[in-house]
Protein chains: 2
Amino acid sequence: MNRKRVSIKDIAQAAGVSHPTVSRALRGKGRMSDATRARILQIAEEMGYTPSLVARGLVTQRTESVGLVVADIADPFYSEIIKGVEQVTQASGFSLFLGSAIDDADQEVRMVRSFLGRHVDGLIVSSSLVGNGYQAILEDVGTPLVLINTHVDGSQFHSIYHQDFQGSQQMLRHLIQQGRRRIAYLGNRSAGRAQTERKRAWQTTLEQEGLPTDVTLDCPNSHIQSGFATLPRLLEQAQRIWGEMPDAIVAYNDLVAIGAMKALQRQGLRVPDDVAVMGFDDIEVAAFTSPTLSTWRQPRREMGVRAAEVLLTLLQEERDGEEPPQEIAFSGELVLRESA
Amino acid sequence: MNRKRVSIKDIAQAAGVSHPTVSRALRGKGRMSDATRARILQIAEEMGYTPSLVARGLVTQRTESVGLVVADIADPFYSEIIKGVEQVTQASGFSLFLGSAIDDADQEVRMVRSFLGRHVDGLIVSSSLVGNGYQAILEDVGTPLVLINTHVDGSQFHSIYHQDFQGSQQMLRHLIQQGRRRIAYLGNRSAGRAQTERKRAWQTTLEQEGLPTDVTLDCPNSHIQSGFATLPRLLEQAQRIWGEMPDAIVAYNDLVAIGAMKALQRQGLRVPDDVAVMGFDDIEVAAFTSPTLSTWRQPRREMGVRAAEVLLTLLQEERDGEEPPQEIAFSGELVLRESA
DNA sequence: CTGTTAGCGCATTCAT
DNA sequence: ATGAATGCGCTAACAG
């Protein structure tokens, strides 16, 4: 095996023309006699020619590829982001490099650097731990970057994000309206912007209502198991501080919420009668737990789609002059089911 | 922005040497005075040099990249496969191209072709609908391919698969042992090898025991919602054929099982008292449903890891002569929880 | 309409 | 130990 790939030179020789002519024929550039064009295409087909995007990339300085970095490929939230990005890039003939960097800024940067070495035309980084730090890394090469759900103080980059604060706030308002008064927050230590915003909403909203905000604990990550394992300690905390159980728990996301719900049930507590539980994201399984999970729906897929669209648009514009980075905000919706 | 990237020529000029010298210095090839080497490295560092893997790929004919094609990125089963593959490739300095091809053989081939155009060093395809069809596509270029969970009659390619038949069979034996007699199968029309094997195990095992195999239905895909929506029709079928409800349901996978379980509960049936339910895969959430799901654990992550390892080994061997394609079988384990 | 020449950035001979 | 020349496969000038 490992026969030599056929190149445009091979075709040129077989067709009795020069390689640039083959190149033009293949790409439909410049006018030429239909006869020779047809013949060249025919021969290329017969010889099983596949253009080398590597060589093409070297000369055109465009690889028609995009690099995507997420925190965790297996997290349903990121899965949908990836899916959205892939859908758009694939439709435009771009290839997608995927990398993960679980809660590790160094790893994230290494990933991006490696993509830059591969001359990706653009980058998408979700939940970046670096943010504007990319300014220094990217300014020399000018590769466009779109951030997803990353907090930046005066973003130098285009960014897509979901309005977590507003979402979380509405969830809290709903709980309060339902008469819940002792509302604990079960967070996620390793999340960046998302955790910050959601927790802040929890805190400020409760404070506005004069409700206590002293029972909260962060899971080490956002796995179901984490929520399950951490919840008992949250209850202990409530018992110690309040002298009684919480009547509602707001979780960082659906996974944590599902784990928490199971742990509550294990302790003989009824959801939502004894304690209400709310998640975040509205992953598919949220509608099928027992009780079904009330949560906040985040348009995950669309966010991926949009990020890719913004990036590809940037690539079209061929530096029409530096447009100011835009921030695109997505808002979700409250999904009330049985758990709250 | 978009400043020119710095190349080894730039460094050479700045250091007062020739570019080949820079190339050698950077890669530690060939001996040279420590003084100049140090100076070159220093300058490269200062100028922010990043080697162009595109140019390198063109001359070495190796891109240090791998293409991975899966059916559905968001399916927890594939997510873990991707994660396993990514983990290994990343550790070896390879970059990963990811593509999806949901139940579409043409799309799958297009994806692979596009990766070939990018000169990936190797390919991994999960649940391929094409199988040995790749022989014709790959023989000209000699790019190694590792298949995951793909049925092939005398495989021309290395392949990793899980012994679905044995797993499914053991699940069935357990159900029978528990006294279940009317066991229905809720499948997935769009799955390839996995569906075939699991269903075959259901059928033959029941036949051996003289139990009926006439109640079965396939979901259009393996989403939870599909299981939920299809289950009622399965019950109708049972009612029509047997005149009574099944006492056990074996689902294609955990997602379908979770949907089915919910649908059963909606109909007022108790799981497992009235009807037992078994899934397949042991995805994370399976341990947290109500009741918790009995299932068959498939080492998904390891399968991805192994596929990548096999592929990378193939790449090391530099065609030491064509080793016969090996098939690596994984076996899982029965996970008994509350649902069966 | 087509062929000639050149060069993308790098690694690899071969000289020296 | 280092420099000069060559080519990977392709596109992009410019001639003719």
Side-chain angles (χ1 to χ4, degrees), chain A residues 2-41 43-44 47-65 116-121 140-142 318, chain B residues 2-41 43-44 47-65 116-121 140-141:
Chain A
N2 207 21
R3 296 206 238 294
K4 210 170 49 186
R5 287 167 180 274
V6 345
S7 75
I8 54 174
K9 282 186 184 173
D10 300 326
I11 300 176
Q13 188 166 9
V17 295
S18 66
H19 32 124
T21 301
V22 175
S23 173
R24 284 182 284 244
L26 256 29
R27 289 173 309 136
K29 284 256 183 174
R31 273 181 304 285
M32 56 193 307
S33 77
D34 288 350
T36 55
R37 159 159 296 154
R39 190 160 47 92
I40 291 174
L41 291 179
I43 293 178
M47 299 179 72
Y49 171 75
T50 310
S52 165
L53 301 184
V54 175
R56 180 181 291 170
L58 185 57
V59 44
T60 61
Q61 299 289 30
R62 304 187 93 248
T63 54
E64 311 263 282
S65 68
L116 288 178
R118 307 202 107 92
H119 290 215
V120 294
D121 295 335
D140 290 334
V141 291
E318 299 279 358
Chain B
N2 207 21
R3 297 205 237 294
K4 210 170 50 186
R5 287 166 181 275
V6 343
S7 75
I8 53 174
K9 282 187 185 173
D10 300 327
I11 299 177
Q13 189 167 8
V17 295
S18 67
H19 27 128
T21 302
V22 175
S23 173
R24 285 182 281 244
L26 257 29
R27 291 172 311 134
K29 283 256 184 175
R31 273 183 303 287
M32 54 193 306
S33 77
D34 288 350
T36 55
R37 157 158 297 153
R39 190 161 45 92
I40 290 175
L41 291 178
I43 294 178
M47 299 179 73
Y49 172 74
T50 310
S52 166
L53 300 183
V54 175
R56 181 178 292 171
L58 185 57
V59 43
T60 61
Q61 299 290 32
R62 304 187 91 249
T63 53
E64 310 264 281
S65 68
L116 287 179
R118 306 201 107 94
H119 290 211
V120 294
D121 295 335
D140 291 334
V141 291

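The figures here come from the full heavy-atom set of this structure, side chains too, leaving out hydrogens, waters and symmetry mates. Here is how names work: the chains are called A, B, and so on, in the same order as the sequence lines, proteins then strands, and each is numbered from 1.
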Non-hydrogen side-chain atoms of His119(B) and Arg5(A) separated by less than 4.5 Å: yes
Any residue meeting side-chain hydrogen bond (donor to acceptor under 3.5 Å, both in side chains) with Arg118(B), in chain and number order, not counting sequence neighbours: Ser95(A)
Gap between atoms CG and P, on Asp10(B) and dC8(C) respectively (whole Å): 10 Å
Integer-rounded Å distance: dG7(C) C1' and Arg5(B) CZ: 17 Å
side-chain contact (heavy atoms from CB on, under 4.5 Å) between Val54(B) and Val54(A), worked out: CA-CA 6 Å; Val54(B) 175; Val54(A) 175; 4.2 Å; yes
Any Met47(B) side-chain heavy atom under 4.5 Å of Asp10(B) side chain: yes
Touch class at under 4.0 angstrom, heavy-atom based, for Val54(B) against every strand present: nothing
Integer-rounded Å distance: dT2(D) P and Arg37(B) CZ: 9 Å
Relative orientation of the end axes in the helix from dC1(C)-dG16(D) to dT16(C)-dA1(D), expressed as an angle to the nearest 10° (five pairs per end): 40°
Integer-rounded Å distance: dC1(C) C1' and Arg39(A) CZ: 14 Å
Within 6.0 angstrom of Gln13(A) CD, more than 12 heavy atoms from elsewhere: no
Value in whole Å for how far the P atom of dA13(D) lies from CD of Gln61(A): 13 Å
Nucleotides 11-16 of chain C: protein proximity per nucleotide (B base, S sugar-phosphate only, - neither; heavy atom, under 4.0 Å): SBB---
Interatomic distance where CD1 belongs to Ile40(B) and P belongs to dC10(C) [whole Å]: 14 Å
Note, Arg24(A) side chain near Pro20(A) side chain (heavy atom, < 4.5 Å): yes
Beyond-backbone contact of Ile43(A) with Tyr49(A), side-chain heavy atoms, under 4.5 angstrom: no
Leu58(B) CG to dT11(D) P, straight-line distance once rounded to whole Å: 12 Å
Within-4.5 Å side-chain heavy-atom neighbours: Thr36(B) and Thr21(B): no
Donor-acceptor contact below 3.5 Å, side chain Arg39(B) vs main chain Ala15(B): yes
Lys9(B) NZ - dC8(C) P separation (whole Å): 5 Å
Sugar-phosphate only, base, or nothing, as touched by Ser18(A) at under 4.0 Å among non-hydrogen atoms: base
